[in-house]
Enquirer: 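Pasting a structure here, questions to come.
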Amino acid sequence: MITVRDPHPWPATETEAEALQRRLRPRVRFDGVPEEVRYAAGLDVDYREDSDELVAAVTVLDLADLSVVDSAVVRDRPRFPYVPGLFAFREAPPLLDALQRLTIDPDVLVCDGQGLAHPRRFGLACHLGVLTDLPSIGVGKTPMGHYDPPGQNRGDWTPLHMDDDEVGRALRTRTGVKPVFVSVGHRYTLQAACDLVLTLTPTYRLPETTRTADHLGRQAE
DNA sequence: GCGACAG
DNA sequence: ATCTTGTCGC
């Protein structure tokens with residue numbers, strides 16, 4: 001069962017939110033990497049424009065055949081506006097609720113957004129990883145840093161930089177298609193994260209984890 | 001001051 | 001995120 005470590009009051013202002021990121025940032029671990037990964041969770045949030053609500057969806061996939069073996073959906077009111085760099089304060093609350101309703105504990109969280117590829121090196125994937133102490137990675141569709149385009153073949157990659165740090169990779173998951181942007185969240189290595197993303201993208205640009213969670217969220221009433 | 005800025 | 005057009009995958 002998944003539990004939230006050291007639950008903290010949710011910040012009300014951007015200043016408080018940034019301070020909380022700086023306080024939690026040292027809790028990101030780079031050891032404790034899982035030796036075997038069988039279950040990967042996909043996390044996604046759907047925005048309902050008319051009802052002013054968020055729908056958080058989580059799916060758990062068996063890496064052996066990419067079948068969905070567990071899932072959870074949670075509806076919630078947004079508790080924070082969308083602010084670049086403070087994304088987690090909008091999406092994390094319902095996602096944490098959904099994670100705690102899972103029956104199968106995932107070995108890794110595959111988050112829709114960034115991990116270390118973040119202005120304060122503490123994106124959504126880091127935040128969720130630290131709060132649950134689960135291994136996590138971030139897979140973003142849009143980079144926050146700079147990169148040179150990787151080669152055109154599936155599997156090709158280039159470093160993703162922010163300031164002078166190497167914070168992730170631009171990874172080509174489909175030949176000739178725009179890359180995705182992979183970064184570590186918690187208790188994972190960048191190489192293993194990229195290997196996992198390639199396992200999760202036999203057909204499409206985005207990981208099956210993200211796609212199944214996205215489908216679940218929009219089908220939910 | 002100006003631009004850039006995950007979903 | 002969402003909107004919109006053309007193209008591709010199933």
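What you are looking at is a predicted structure, and each value in this text was computed from that prediction instead of being measured.
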Enquirer: So, using ring-ring contact (aromatic ring centres under 6.0 Å, His included) as the criterion, who are the partners of A/Tyr39 when residues are at least two apart?
Expert: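 Listed in chain order: nothing, the list is empty.
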
Enquirer: Check ring-ring contact (aromatic ring centres under 6.0 Å, His included) between A/Tyr47 and all other residues, then give those that pass, not counting sequence neighbours.
Expert: none

Enquirer: When the distance from CZ of A/Arg90 to P of B/dA6 is rounded to whole Å, what number comes out?
Expert: 14 Å

Enquirer: Determine if A/Tyr82 stacks with B/dG7; use a centre-to-centre distance below 5.5 Å and an interplanar angle below 30° as the criteria.
Expert: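 Taking the rule of under 5.5 Å and under 30°, the ring of A/Tyr82 does stack on B/dG7.
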
Enquirer: Which heavy atom in A/Leu160 sits nearest to a heavy atom in A/Pro143, and how many Å separate them?
Expert: CD1-CB, 4.0 Å

Enquirer: Can you tell me the distance, in whole Å, between the CE atom of A/Met162 and the P atom of B/dC5?
Expert: 10 Å

Enquirer: When the distance from CG of A/Leu124 to P of C/dA1 is rounded to whole Å, what number comes out?
Expert: 13 Å

Enquirer: Rounded to whole Å, how long is the line connecting atom CD of A/Glu91 with atom C1' of C/dA1?
Expert: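 Distance check: A/Glu91 CD to C/dA1 C1' gives 9 Å.
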
Enquirer: Assign A/Gly123 to base, sugar-phosphate, or nothing according to its heavy-atom contacts below 4.0 angstrom with the strands shown.
Expert: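 Result for A/Gly123 = base.
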
Enquirer: Contact class for A/Leu86 (heavy atom, under 4.0 Å): base, sugar-phosphate, or nothing?
Expert: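 Base contact.
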
Enquirer: What is the separation between atom CG on A/Leu116 and atom P on B/dA6, rounded to the nearest whole Å?
Expert: 17 Å

Enquirer: Nearest whole angstrom, please: distance from the P of B/dA6 to the CG of A/Asp112.
Expert: 12 Å

Enquirer: Taking atom CZ of A/Arg101 and atom CE of A/Met1, what is their separation to the nearest 0.5 Å?
Expert: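 CE of A/Met1 is found 10.5 Å from CZ of A/Arg101.
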
Enquirer: Are A/Arg169 and A/Trp157 in a cation-pi setup, meaning NZ or CZ lies under 6.0 angstrom from the ring centre and within 45 degrees of the ring axis?
Expert: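 Judged by the rule (NZ or CZ under 6.0 Å from the ring centre, within 45° of its axis), A/Arg169 counts as positioned above A/Trp157.
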
Enquirer: Between atom OH in A/Tyr147 and atom P in B/dC5, what is the gap in whole Å?
Expert: 11 Å

Enquirer: Could you please name the option among B/dA6, C/dT2, B/dG7 that lies closest to any side-chain atom of A/Asp46?
Expert: C/dT2

Enquirer: Do NZ/NE/NH1/NH2 and the carboxylate oxygens of A/Asp133 and A/Arg187 come within less than 4.0 Å?
Expert: yes

Enquirer: Rounded to the nearest angstrom, tell me the gap between atom CZ in A/Phe80 and atom P in B/dG7.
Expert: 18 Å

Enquirer: Can any side-chain N or O of A/Arg38 pair as donor or acceptor with the backbone N or O of A/Leu63 at less than 3.5 Å?
Expert: no

Enquirer: With heavy atoms under 4.0 Å as the rule, sort A/Gly85 into base, sugar-phosphate or nothing.
Expert: base

Enquirer: Do nucleotides 3-10 of chain C as a string where each nucleotide becomes B, S or -: B if the base has a protein heavy atom under 4.0 Å, S if just the sugar-phosphate does, - if no protein is that close.
Expert: S------S

